[in-house]
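Everything on this sheet refers to the single structure shown next.
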Amino acid sequence: MSLAPTARPAYPPTPRVEQIDEYFGVAVADPYRWLEELDSEQTREWVEAQNDYTAAVLGSVPQRARIHARLTALWDYERWSVPVRAGNLYAYLRNTGLQNQAVLVVTRSLDEPGRVLLDPNTFSADGTVALSGLVFSNDGALLAYATSASGSDWKEWRVRDVATGKDRADLVRWSKFSTASWRRDGSGFYYGRYDEPAAALQFKATNYYQKLYFHRLGTPQSTDVLVYERSDHPDWSFDGYTTEDGRYLVISLSQGSDPRNGVLISDLAVGELTELCPEGVAHYAYVGNDGGTFYFLTTLDAPHGRIVAIALEDRTVRELVAPTADAIDDVAVFGNTFVISYLRDALAYVTMRGLDGAHIRDIPLPGLGSVGGFGGKRRARETFYAFTSYTVPATIYRYDLDAQESKVAFAPRLPYHPETLVSRQLFYTSKDGTRIPMIVTAKKGIEPGAGAPAILYGYGGFDISVTPEFSPAVAVWLEMGGIYAVANLRGGGEYGEAWHLAGVKEKKQNVFDDAIAAAEFLIAEGWTTARKLAIKGASNGGLLAGACIVQRPDLFAAAVPSVGVLDMLRFPRFTIGWAWISDYGSPDDPVDFATLFAYSPYHNLTAGVAYPATLISTGDHDDRVFPGHSYKFAAALQAAQSGDAPILLRVDVKAGHGAGKPTVKVIDEVADRYAFLVLALGMNP
């Protein structure tokens with residue numbers, strides 16, 4: 001089948017229903033409510049028809065096969081995670097290139113190939129069962145590891161003996177949004193879980209009443225000890241972390257996605273539970289402790305973050321590292337020093353300070369980009385970190401505390417020429433005058449005035465900072481002659497908590513205005529044109545892409561909203577959606593309802609408008625953002641579309657929100673995306 005952009009598509013038929021809901025005196029139609037029934041025969045047939053239609057359209061693009069081949073070639077390079085110490089071993093994840101899942105390797109020396117301790121590629125024939133958690137016991141003798149199937153957030157924890165490579169009988173199920181934390185003696189671990197859902201509701205039911213448990217090795221899960229719950233707060237969740245000295249359990253209390261959390265300290269020696277930090281006041285990230293003195297990265301009286309010591313005895317707060325003009329992105333402790341990663345205009349720099357807060361030295365980075373890692377125990381003399389940018393693949397470095405120097409531990413090699421590319425950080429002005437940073441990456445020689453095809457990417461939510469990161473997918477787009485522009489929108493954490501709060505609830509429109517202003521800037525400066533500009537985002541970024549094409553369909557030629565939150569009146573009703581009320585507000589509140597209804601992509605489509613070509617994608621097992629969002633938005637957009645640009649829905653089978661997706665599926669998805677953009681933007685790469 002061939003579909004030119006000028007041929008009006010005939011979409012698979014989508015029935016409408018007479019569903020009217022009333023919100024505070026406002027009648028709201030929901031004609032595609034039936035698509036929320038994911039397991040009904042009617043919905044399954046509709047999804048199959050949409051997938052067949054999308055496959056036919058994208059399969060007709062002659063460049064797709066070559067794009068797929070180039071993606072496969074560029075993805076085929078060795079890459080590693082940041083190593084950690086496990087007893088007298090190093091442990092890291094390694095992918096030789098095209099493995100569906102990375103393999104866990106342990107070794108006594110990083111100069112040796114090591115031994116495979118865990119190979120997720122053996123968990124399923126198609127690679128859709130992935131590792132979703134890895135925690136070694138204090139002595140490195142045992143590994144608690146979690147697996148997730150088909151991209152689901154549900155985890156199953158097992159325990160592997162590191163020396164023998166064999167699993168013990170332990171199995172812990174119905175864990176979600178939780179890590180594991182071992183007791184120092186290796187007798188068991190703490191974890192968060194929910195009650196077992198009904199089978200039919202496993203990927204749909206709301207997740208309330210998380211509980212914190214302790215699992216003792218060698219015992220069935222039914223005998224696990226309940227450590228903490230709050231039946232009076234169904235929307236609270238809990239993480240438990242044992243201190244390195246083994247004396248305390250640090251319990252973090254969170255309400256949904258609100259970064260403001262509380263902290264309880266359980267003295268494991270005497271069984272006492274003490275509230276150290278009140279819930280709902282500020283963000284507290286546990287860093288370490290010395291006896292009854294606990295170190296935290298916090299936003300208490302410091303929107304950009306500071307490091308404090310809080311005494312358990314009397315809860316007095318002592319500032320160790322004062323806030324600066326730059327936001328603290330992360331803090332780790334190793335070698336009795338704080339390693340602090342800052343963001344300056346969304347670019348990383350790293351400094352070391354003593355536990356008294358005194359400056360020791362800076363750690364030079366190889367360029368402008370992102371950094372992550374620096375973990376280790378208090379008396380360690382080495383640590384590892386990764387550095388990456390939009391043009392530099394992640395390189396792993398070892399930092400020697402005694403020599404005060406970094407050396408490359410693992411460096412990727414791939415058929416790729418970063419010297420042919422250039423990233424520029426630019427600044428533009430949003431609708432209300434706010435200065436917004438944006439990094440534009442392209443081939444050398446592509447300058448303002450080129451009018452090149454461009455992807456504008458953004459997120460803008462949940463205090464999440466978008467920093468530079470290499471991707472083979474982006475590299476191929478750049479080779480195709482495209483521009484990749486990433487705007488650091490309000491709602492994120494790039495400039496601290498005030499930047500985040502400037503894009504939540506009644507201020508959410510700021511996020512869309514920031515993205516629209518980015519598009520206008522790219523066009524005004526001649527980087528691209530409205531006929532060649534696409535907007536892309538996933539999850540909260542899928543909402544961004546959907547809202548922007550609804551509000552400014554004239555500004556974009558294409559949109560790629562992936563796993564997006566697109567029905568802003570029903571998002572709290574499914575899985576963990578209620579947790580996003582901290583950012584979005586609640587449709588059950590009259591003030592929040594007015595805000596949500598005003599920008600909800602599903603509810604603001606207008607029949608007779610020529611919308612940009614749109615490729616909507618989701619996974620049939622996405623239990624983070626309910627697939628019904630994408631189904632309903634696709635149906636409504638196809639019905640409203642008056643122009644000739646195609647509206648496509650791509651539903652990945654045995655896939656979820658994105659984490660753990662096998663390499664083969666990722667490459668297929670990206671190939672489809674670029675085939676779509678070739679079609680929509682009139683490219684001939």
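Because only heavy atoms are used, hydrogens play no part in the values below, and waters and symmetry mates are left out as well, while side chains stay in.
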Any side-chain donor paired with an acceptor under 3.5 Å for Asp567 and His629? no
Going by distance alone, is a donor N or O of one side chain under 3.5 Å from an acceptor N or O of the other, for Gln101 and Asn121? no
Can you find a heavy atom in the side chain of Leu104 that is under 4.5 Å from one in the side chain of Val116? no
Enclosure of Glu22 CD (heavy-atom neighbours >12, cutoff 6.0 Å): yes
Could you tell me if the side chain of Lys507 sits less than 4.5 Å from the side chain of Leu501, heavy atoms only? no
Measuring from atom OH of Tyr295 to atom OG1 of Thr293, what distance do you get when rounded to the nearest 0.5 angstrom? 6.0 Å
So, using salt bridge (charged side-chain N to carboxylate O under 4.0 Å, His left out) as the criterion, who are the partners of Lys155 when residues are at least two apart? none
Would you say that Trp154 contacts Gln202 through its side chain, given a criterion of any heavy-atom pair below 4.5 Å between the two side chains? yes
Given side chains that start at C-beta, do those of Leu93 and Val103 come closer than 4.5 Å, heavy atoms only? no
Validation row: Leu312, Phe294 side chains within 4.5 angstrom (heavy atoms): yes
Please determine whether a side-chain nitrogen of the Lys or Arg among Arg306 and Glu319 lies less than 4.0 Å from a carboxylate oxygen of the Asp or Glu. yes
I'd like to know if the side chain of Lys632 reaches the main chain of Trp34, judged simply by a donor and an acceptor atom lying under 3.5 Å from each other, with no hydrogens or angles considered. no
Can you give me the closest heavy-atom contact between Lys505 and Gly585, atom names plus distance? CG-N, 3.7 Å
I'd like to know whether Ser252 forms a side chain to side chain donor-acceptor pair (under 3.5 Å) with Asn261, so could you lay out the CA-CA distance, the side-chain angles of the two residues, the decisive distance to 0.1 Å, and finally the verdict. CA-CA 7 Å; Ser252 175; Asn261 62 309; 3.0 Å; yes
Decide if atom CD of Glu469 counts as having more than 12 heavy atoms of other residues, nucleotides or ligands within a radius under 6.0 Å. no
Glu244 with Arg378: basic N within carboxylate O range, under 4.0 Å: no
Apply ring-ring contact (aromatic ring centres under 6.0 Å, His included) to Trp182 and Tyr190, showing your working. CA-CA 6 Å; Trp182 286 91; Tyr190 298 90; over 10 Å; no
Check side chain to side chain contact (heavy atoms under 4.5 Å, CB included) between Ser178 and all other residues, then give those that pass, not counting sequence neighbours. Ser175, Tyr191, Gln210, Asp239
Hey, mind stepping through Asp623 and Thr575 against side chain to side chain donor-acceptor pair (under 3.5 Å) and telling me if it holds? CA-CA 6 Å; Asp623 51 5; Thr575 62; over 6 Å; no
State whether a side-chain donor-acceptor pair under 3.5 Å links Tyr286 with Asn289. yes
From CA spacing to verdict: salt bridge (Lys or Arg N to Asp or Glu O under 4.0 Å), Glu36, Arg573: CA-CA 11 Å; Glu36 293 178 359; Arg573 297 177 181 271; over 6 Å; no
Any chance the side chains of Asp170 and His215 put a donor and an acceptor closer than 3.5 Å? yes
Checking Asp258 against Arg260 for the salt bridge (Lys or Arg N to Asp or Glu O under 4.0 Å) test, could you report, in this order, the C-alpha distance in whole Å, the side-chain angles of both residues, the deciding distance, and whether it holds? CA-CA 5 Å; Asp258 192 333; Arg260 299 171 299 178; 2.7 Å; yes
Carboxylate-amine/guanidinium contact Glu669 Lys661, below 4.0 Å: yes
Gap separating the CZ atom of Phe334 from the CZ atom of Arg379, nearest 0.5 angstrom: 14.5 Å
Taking every non-hydrogen atom, the tightest pair across Val625 and Ser539: CG2-OG, 3.9 Å
Lys/Arg-Asp/Glu bridge criterion (N-O < 4.0 Å) met for Asp224, Arg216: no
Trace of the salt bridge (Lys or Arg N to Asp or Glu O under 4.0 Å) decision for Arg184 with Asp139: CA-CA 8 Å; Arg184 184 178 176 82; Asp139 61 3; over 6 Å; no
Salt bridge (Lys or Arg N to Asp or Glu O under 4.0 Å) between Lys508 and Glu506, worked out: CA-CA 6 Å; Lys508 186 68 177 178; Glu506 76 280 0; over 6 Å; no
Looking only at heavy atoms, which two atoms of Glu494 and Val466 are closest? And how far apart? OE2-N, 2.9 Å
4.5 Å side-chain heavy-atom contact, Asp267 and Arg247: yes
Using only heavy-atom distances, determine whether the side chains of Asp119 and Thr122 contain a donor-acceptor pair under 3.5 Å. no
Any side-chain donor paired with an acceptor under 3.5 Å for Asp30 and His603? no
To the nearest 0.5 Å, tell me how far Ile464 CD1 sits from Thr467 OG1. 11.5 Å
Min side-chain heavy-atom separation Arg570-Arg33 under 4.5 Å: yes
How long is the straight-line distance from CG of Leu543 back to OG of Ser600, given to the nearest 0.5 Å? 8.0 Å
Close aromatic pair by centroid cut-off 6.0 Å: Phe633 and Tyr602: no
Flag for Ser181-Thr242: side-chain donor and acceptor within less than 3.5 Å: yes
Determine whether Asp235 and Tyr209 satisfy the following criterion, side chain to side chain donor-acceptor pair (under 3.5 Å), listing intermediate values before the conclusion. CA-CA 6 Å; Asp235 55 348; Tyr209 298 104; over 6 Å; no
Between Ser150 and His621, what is the shortest heavy-atom contact and its length? O-CB, 3.2 Å
Under 3.5 Å, is there a donor-acceptor pair between the Asp329 and Ser341 side chains? no
Any Lys/Arg nitrogen of Asp620 or Lys654 sitting under 4.0 Å from an Asp/Glu carboxylate oxygen of the other? no
Less than 4.0 Å between a side-chain N and a carboxylate O, is that true for Asp126 and Lys665? no
Testing Val227, Leu273, Val250, Thr274 one by one against Ser266 for a side-chain contact (heavy atoms from CB on, under 4.5 Å), which residue passes? Leu273
With the threshold set at 4.0 Å, does a side-chain nitrogen-carboxylate oxygen contact exist between Asp153 and Arg624? yes
Taking the cut-offs as 6.0 angstrom to the six-membered ring centre and 45 degrees off its axis, would you call Arg85 and Tyr90 a cation-pi pair? yes
Do Ser254 and Ser237 get their side chains close enough for a donor-acceptor pair, meaning under 3.5 Å? no
Between Leu264 and Phe238, is there a side-chain heavy-atom distance shorter than 4.5 Å? no
Closest heavy-atom pair and its distance - Tyr284, Ile310: CE2-CD1, 4.2 Å
Could you tell me whether Arg160 and Asp167 make a salt bridge, using a distance below 4.0 angstrom between a side-chain N and a carboxylate O? yes
Nearest heavy-atom contact between Ser582 and Val504 is O-CB, 4.4 Å
If you draw the axis of the six-membered ring of Phe189, does the NZ or CZ of Arg183 fall within 45° of it and under 6.0 Å from the ring centre? no
Which pairs with one or both residues in residues 584-596 pass side-chain hydrogen bond (donor to acceptor under 3.5 Å, both in side chains), sequence neighbours excluded? Asn540-Tyr584
How are the rings of Phe571 and Trp580 set to each other: parallel, tilted or perpendicular (split at 30° and 60°)? parallel
